[in-house]
Amino acid sequence: MPPDWNQADSLQPAAERAAAALGRGEVIGLPTETVYGLAGDATNPEAVRRIFALKGRPVDHPVIVHLADAAWLGDWAREVPADAERLARRFWPGPLTLILRRAARVSDALTGGQDTIGLRVPGHPVALAVLREFGRGLAAPSANRFGHVSPTTAAHVHAEFGASLPMILDGGPCTVGIESTIIDLSGGPPRVLRPGWIGAAALAEALEAPQAAGVAAQSPRVSGSLRSHYAPRTRAQLVPEGTLSARVDERAAAGERIAVLALGALPAGSSGIALPSEPEAYARALYSALRSLDALGAERILIEAPPARAEWIAIADRLRRATAAGTPEAPDAAR
Ligand code: TXA
Ligand code: MG
């Protein structure tokens, strides 16, 4: 059982221990409402280097800096446009990352050499308590090795990094379950770089600019937009809605050991996991399910594609990337 973080008496000592470790330049596992982060002092280049080394992440991939309050934005961004203020007021603390032009003091190690910086005030009480206690920004990419599935429990972080972290704070299972929405406000019209729980319609409404929040063409600088990402180690394949049962039978007839990630209910005779057919509950359970299926040692994971509707866009994005290595491009070869 995770501790009850609503009890100030247990949360505060944990936040103090975490802040002390961070102050020594250490990197810790930190819960957020989206996924767990691998957190270090964003003003300490040694700590930032250690995050990259632990993740095995290429140095030109920027990390998100987490803040306790939107009032800290001025320390990290050289200008805070009105749109950023609007979105911060509406969605922070919460699962939204703003890309802004960086302040002069921000190190290249954080931004991958770009002129912009990703900033977010997370909505998890443990993350906020640690940030307040620490008093400075925390660089925190998702706490997984580069390209692998993001962690949504402390146990997942332990499985990724185990003894190489001095501390993994347990904040229970993440309530959102997929990474924050990323919106670029660094110039030109606002662009969504990574879809998430906060959808384009909600962003457009908050921006009072319905045309503004289109999903941009993929930027190679966003590691989450690489074609293969968020991926289990087992070959995983996306199958169109309504064809799962036939595909399972076909693979089983070919003698393959198949694990299934189904929507709503598992096809008869198959083994695997059925996730809820409601997008928020599905997102919350997705990465945990991918990790469990990966551990089964199957030859292939078949994933039922979600409905082609707006509320499933972020999930469809993660599933496409999780299956990119295992799904042939040509539909008729997709078996
Ligand atoms: O929900 C989240 O955002 C989680 C939690 C821990 O906060 N963090 C997360 O971090 O997903 P990470 O590093 O795994 O993914 C951050 C994404 C990457 O795709 C990175 O390329 C992009 O944000 N990013 C960061 N700074 C950027 C920048 N200046 N311009 C464009 N993309 C940026
Ligand atoms: Mg990540």
Side-chain angles (χ1 to χ4, degrees), residues 27-40 42 48 51-52 54-67 76-78 91-103 106-124 126-128 130-131 137-152 156-157 160 168-169 171 174-187 190-198 216-231 283 287 314 317-318 321-322:
V27 170
I28 66 169
L30 183 74
T32 85
E33 79 282 31
T34 57
V35 301
Y36 275 67
L38 197 56
V48 175
I51 292 172
F52 278 80
L54 280 164
K55 272 189 74 95
R57 184 176 194 159
V59 292
D60 61 345
H61 284 275
V63 293
I64 295 170
V65 174
H66 296 68
L67 313 175
W76 296 92
R78 71 171 170 278
F91 296 111
W92 281 355
L96 179 68
T97 296
L98 306 181
I99 306 295
L100 302 179
R101 300 174 73 191
R102 70 170 173 181
V106 173
S107 92
D108 279 341
L110 292 168
T111 66
Q114 302 187 75
D115 193 35
T116 56
I117 177 93
L119 298 163
R120 161 166 126 81
V121 176
H124 195 292
V126 174
L128 285 171
V130 171
L131 281 161
L138 288 177
S142 54
N144 53 277
R145 289 180 199 279
F146 188 64
H148 193 217
V149 179
S150 296
T152 53
H156 295 162
V157 183
E160 292 276 337
I168 299 170
L169 291 175
C174 299
T175 52
V176 173
I178 55 172
E179 304 78 1
S180 60
T181 306
I182 301 181
I183 186 164
D184 185 353
L185 300 176
S186 67
R191 297 183 311 153
V192 174
L193 299 181
R194 179 173 71 183
W197 194 76
I198 296 174
Q218 291 174 18
S219 152
R221 290 297 201 146
V222 183
S223 68
S225 76
L226 295 181
R227 188 165 171 263
S228 175
H229 213 77
Y230 313 110
Y287 288 149
D317 169 78
R318 302 312 189 275
R321 297 182 204 294

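Remember, it's 1-based here, ligands and their atoms both numbered in the order they're listed.
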Option nearest atom 5 (C) of ligand 1 (shortest heavy-atom distance, choices Thr34, Ile64, Thr181):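 Among Thr34, Ile64, Thr181, the closest heavy atom to atom 5 (C) of ligand 1 comes from Thr34.
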Option with minimal heavy-atom separation from atom 33 (C) of ligand 1, where the choices are Gly118, Pro62, Ser150, Gly37: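 Looking at heavy atoms only, Pro62 sits closest to atom 33 (C) of ligand 1.
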Side-chain touch Leu96/Ile183, heavy atoms, less than 4.5 angstrom: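 With C-beta onward as the side chain, the pair touches.
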pair Leu169-Val130: side-chain heavy atoms closer than 4.5 Å: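 In contact.
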Gap separating the CZ atom of Arg191 from the CG atom of Leu185, nearest 0.5 angstrom: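 Here the rounded value is 10.5 Å.
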Sub-4.0 Å heavy-atom approach of Thr111 to ligand 1: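 No; Thr111 lies far enough from ligand 1 that no heavy-atom distance drops under 4.0 Å.
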Ligand 1 contacted by Pro95 (non-hydrogen, < 4.0 Å):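 Per 4.0 Å heavy-atom rule, Pro95 does not contact ligand 1.
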Test log, rule side-chain hydrogen bond (donor to acceptor under 3.5 Å, both in side chains), inputs Glu179 and Tyr287: CA-CA 11 Å; Glu179 304 78 1; Tyr287 288 149; 2.9 Å; yes
Would you say ligand 1 has an N or O under 3.5 Å from any N or O of [X]?
X      : answer
Ser142 : yes
Thr32  : no
Lys55  : no
His66  : yes
His61  : no

Atoms of ligand 1 close to [X] [distance to a heavy atom under 4.0 angstrom, numbered from 1]:
X      : result
Ile182 : 17 (C), 22 (C), 23 (O)
Ser180 : 1 (O), 2 (C), 3 (O)
Glu179 : 1 (O), 11 (O)
Thr116 : 28 (C), 29 (N), 30 (N)
Ile117 : 29 (N)

Look at the side chain of [X] and the backbone N and O of [Y], then say whether any donor-acceptor pair between them is shorter than 3.5 Å.
X      : Y      : value
Lys55  : Pro141 : no
Arg102 : Leu110 : no
Glu33  : Thr175 : no
His66  : Leu138 : yes
Asn144 : His148 : yes

Steps toward side-chain hydrogen bond (donor to acceptor under 3.5 Å, both in side chains) verdict (Thr97, Arg194): CA-CA 9 Å; Thr97 296; Arg194 179 173 71 183; 4.9 Å; no
Test: Arg321 cationic atom under 6.0 Å from Tyr230 six-membered ring centre, within 45° of axis: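 No.
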Heavy-atom distances under 4.0 Å are what count here, so tell me which part of [X] touches ligand 1: side chain, backbone, both or neither.
X      : value
Arg57  : side chain
Val63  : backbone
Arg102 : neither
Ala140 : backbone

Salt bridge (charged side-chain N to carboxylate O under 4.0 Å, His left out) between Asp115 and Arg78, intermediate numbers included: CA-CA 10 Å; Asp115 193 35; Arg78 71 171 170 278; 2.7 Å; yes
Contact flag Ser142/the Mg ion (ligand 2), N/O/S atoms, threshold under 2.8 Å: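 So Ser142 counts as coordinating the Mg ion (ligand 2), yes.
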